Amino acid sequence: MPVLVMKFGGTSVANLDRIRRAAKRVGVEVAKGYDVIVIVSAMSGKTNELVGWVGETSPMYDAREYDAVVSSGENVTAGLMALTLQEMDVPARSWQGWQVPLKTNSAHGAARIEEIPTDNITAKFGEGMRVAVVAGFQGISPEGRITTLGRGGSDTTAVAFAAAFDAERCDIYTDVDGVYTTDPRVAPKARKLDRIAFEEMLELASLGAKVLQTRSVELAMRYNVKLRVLSSFEEQSDTAGTLVCAEEDIMESNVVNGIAFSREEAKMTLVSVADTPGIAAAIFGPLSEAGVNVDMIIQNISEEGLTDMTFSCPIDQVKRAEKALNDAQAAGSLAFESLEADTEVCKVSAVGIGMRSQSGVAAKMFKTLSDEGINIKVIATSEIKISVLIDRKYMELAVQALHDAFELEKA
Ligand code: ADP
Ligand code: ASP
Ligand code: MG
């Protein structure tokens, strides 16, 4: 029988009523003749609570124990979903990641999936089971420890299962009815897209649109998984939601198709470093070794052989970045006058594959922000995106102004 993957996010399994509602949707697909693999998240808010408990218990926590704790929310919803289905006379059972086993590498907190053996679940389908409920977000390392796939990782579990089982489709049920031109909670004029290209979705996700985890889009693109995002609160239909698909399958497209933003950014400046060959390596080498994800970089004009180097990184990595650079200074491999951290910034990005062939997008973006009196602190561009770092207090204003300027409310 054809296999369908259905993933339910935190708000879609937030309480027993919602789990029942989700289970009914699963029942509809089972009645159509599908064998269904259901991937569940933890109840909404649960993972945040668990992450908080870990931090309170141990600020410099052991990542293996972090994973043991934060993966547990999904165990509860997987069992409850299986029980709910059984109550509806749908043959179902639950699997935790290690039982599948969903094998990952040992990068605790951000593990990558290496293999999903299908024999175990396929055998159960052969015996008449109709739904395999799998706890999302978690796997098992080569050392036999529980791992997690990074925040939002259940999306990636779902796409990986769809690829492994050659599923007909991977449906991601969430609290919005599809992918929008920007987060509808920030810009009420945001428009739902019927289709979006993998490349654009990948950029939007990696630039902060958390509707899909970046890695899930990467996997869907690589294995050509038919990926759909839709609401678990609205009526079901075969054309609901947004289809994430190949560029060729999209008839028409605007130059800019989406605005993404990320609040969790910080801007760091090393003041007065020597402007000599090797300076970038002396700065970014230690940062990389310390696991700091540096994003945007600018080197300022040099005066008397000294320059300022500015970069951005996730706000929760500021302490780690400071330590790495101060250690490098203490060890004598780097010299700077001071290190300044600005934690009141955010990143706003415009994304569109049309940018490859059309110029003027950057100019329009900068003019729009300047008309609103918003100062741009750092700029970064790639083939299909332009990102700026601005003061966080202007984030909503910038997103809305750019949405208007690029007329994203119009198809
Ligand atoms: P889930 O718990 O179902 O995984 P998430 O909270 O991870 O749900 O993702 C859904 C949220 O993503 C929406 O509630 C919305 O606020 C946010 N979001 C950000 N950007 C977009 C976008 N471009 N389109 C739709 N939703 C977006
Ligand atoms: N529960 C996990 C999180 O909140 C994984 C997920 O929901 O995708 O990050
Ligand atoms: Mg999510």
Side-chain angles (χ1 to χ4, degrees), residues 5-12 25 39 41 136 151-159 162 169-263 347-355 384-385 387 399-400 402-404 406-411:
V5 173
M6 302 171 76
K7 179 253 173 180
F8 293 93
T11 40
S12 310
R25 296 211 158 216
I39 310 293
S41 287
R151 298 307 305 271
S154 296
D155 298 331
T156 302
T157 309
V159 174
R169 216 172 51 231
C170 180
D171 285 343
I172 306 284
Y173 285 90
T174 183
D175 56 0
V176 281
D177 61 350
V179 177
Y180 279 69
T181 47
T182 192
D183 189 336
R185 294 178 210 288
V186 167
K189 283 194 210 159
R191 175 173 54 89
K192 183 176 88 73
L193 299 162
D194 291 332
R195 288 175 179 233
I196 183 164
F198 284 125
E199 289 86 346
E200 283 178 337
M201 191 63 240
L202 194 58
E203 279 298 350
L204 286 175
S206 72
L207 294 167
K210 66 171 181 155
V211 60
L212 286 174
Q213 197 196 33
T214 308
R215 183 85 186 113
S216 73
V217 187
E218 249 167 45
L219 279 184
M221 194 165 149
R222 163 130 48 100
Y223 294 102
N224 211 10
V225 171
K226 203 167 169 197
L227 180 61
R228 192 163 69 134
V229 177
L230 68 170
S231 164
S232 62
F233 302 109
E234 287 178 17
E235 276 317 301
Q236 208 161 3
S237 84
D238 281 343
T239 54
T242 301
L243 191 68
V244 188
C245 59
E247 206 178 319
E248 304 82 75
D249 298 332
I250 297 177
M251 301 300 249
E252 272 178 78
S253 161
N254 294 333
V255 181
V256 171
N257 271 321
I259 309 289
F261 55 83
S262 157
R263 286 186 179 87
K347 181 168 66 180
V348 177
S349 313
V351 172
I353 38 187
M355 281 186 210
I384 66 165
K385 73 118 199 272
S387 299
V399 170
Q400 288 162 7
L402 292 170
H403 199 273
D404 284 345
F406 290 108
E407 301 186 351
L408 291 188
E409 72 283 3
K410 292 188 201 151

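Every value quoted in this text rests on a predicted model; they were computed, and no experiment measured them. Keep in mind that the numbers below use all heavy atoms, side chains included, and drop hydrogens, waters and symmetry copies.
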Legend entry - Under the side chain to side chain donor-acceptor pair (under 3.5 Å) test, residues paired with Gln213 that sit two or more places apart: Thr156
Inset, instruction - Please identify each residue that fulfils salt bridge (charged side-chain N to carboxylate O under 4.0 Å, His left out) with Lys192, with sequence neighbours left out. - result: Asp194
Legend entry - Check against side chain to side chain contact (heavy atoms under 4.5 Å, CB included), Leu207 and Val351: CA-CA 9 Å; Leu207 294 167; Val351 172; 3.7 Å; yes
Legend entry - Between CZ on residue Arg185 and CG on residue Asp175, distance to nearest 0.5 Å: 4.5 Å
Inset, instruction - Rounded to the nearest 0.5 Å, what's the gap from CD1 on Ile196 to CG on Leu243? Could you check? - result: 11.0 Å
Legend entry - Closest heavy-atom pair and its distance - Lys410, Asn254: O-ND2, 3.5 Å
Inset, instruction - Over all heavy atoms of both residues, which pair between Leu202 and Val217 is shortest? Give the atoms and the distance, please. - result: N-CG1, 3.7 Å
Inset, instruction - List the steps, then state whether side chain to side chain contact (heavy atoms under 4.5 Å, CB included) holds for Leu212 with Leu227. - result: CA-CA 10 Å; Leu212 286 174; Leu227 180 61; 4.0 Å; yes
Legend entry - Non-hydrogen atoms of Lys385 and Glu203 that approach each other most closely: CG-OE1, 3.8 Å
Legend entry - Gly136 backbone acceptor or donor facing Thr157 side chain under 3.5 Å: no
Inset, instruction - Heavy atoms only: give me the nearest Ala220-Val159 pair and the separation to one decimal. - result: N-CG1, 3.5 Å
Legend entry - Any residue meeting side chain to side chain donor-acceptor pair (under 3.5 Å) with Ser231, in chain and number order, not counting sequence neighbours: none
Legend entry - Shortest non-hydrogen contact between Val225 and Phe198, atoms and distance: O-CZ, 3.7 Å
Legend entry - Partners passing side chain to side chain donor-acceptor pair (under 3.5 Å) against Ser154 (at least two apart in sequence or in another chain): Ser41
Legend entry - Spacing of CD1 belonging to Ile384 relative to CG belonging to Asn257, to within rounding of 0.5 Å: 10.0 Å
Legend entry - Separation between CG of Leu204 and CZ of Phe261, rounded to the nearest 0.5 Å: 11.0 Å
Inset, instruction - Dump the intermediate steps for side chain to side chain contact (heavy atoms under 4.5 Å, CB included) on Lys189 and Gln400, then the final yes or no. - result: CA-CA 8 Å; Lys189 283 194 210 159; Gln400 288 162 7; over 6 Å; no
Legend entry - Reported CG-to-CD1 distance for the pair Leu230 and Ile172, which is rounded to 0.5 angstrom: 9.0 Å
Legend entry - Flag if over 12 foreign heavy atoms under 6.0 Å of OH, Tyr223: no
Inset, instruction - Please collect all salt bridge (charged side-chain N to carboxylate O under 4.0 Å, His left out) contacts where either partner lies in residues 221-232, sequence neighbours excluded, each pair once. - result: Asp171-Arg228
Inset, instruction - Sequence neighbours left out, what passes side chain to side chain donor-acceptor pair (under 3.5 Å) with Lys347? Give chain and number order. - result: Asp295
Inset, instruction - Just do the side chain to side chain contact (heavy atoms under 4.5 Å, CB included) check on Met221 and Glu199 with the steps written out, would you? - result: CA-CA 8 Å; Met221 194 165 149; Glu199 289 86 346; 4.1 Å; yes
Inset, instruction - Please round to the nearest 0.5 Å and tell me the distance separating atom CZ of Arg195 and atom OG1 of Thr242. - result: 10.5 Å
Inset, instruction - Provide the closest heavy-atom pair for Pro184 versus Ala190 in the form atom of the first, atom of the second, distance. - result: CA-CB, 4.0 Å
Inset, instruction - State, with a plain yes or no, whether a side-chain heavy atom of Ile259 is found less than 4.5 Å away from one of Leu408. - result: yes
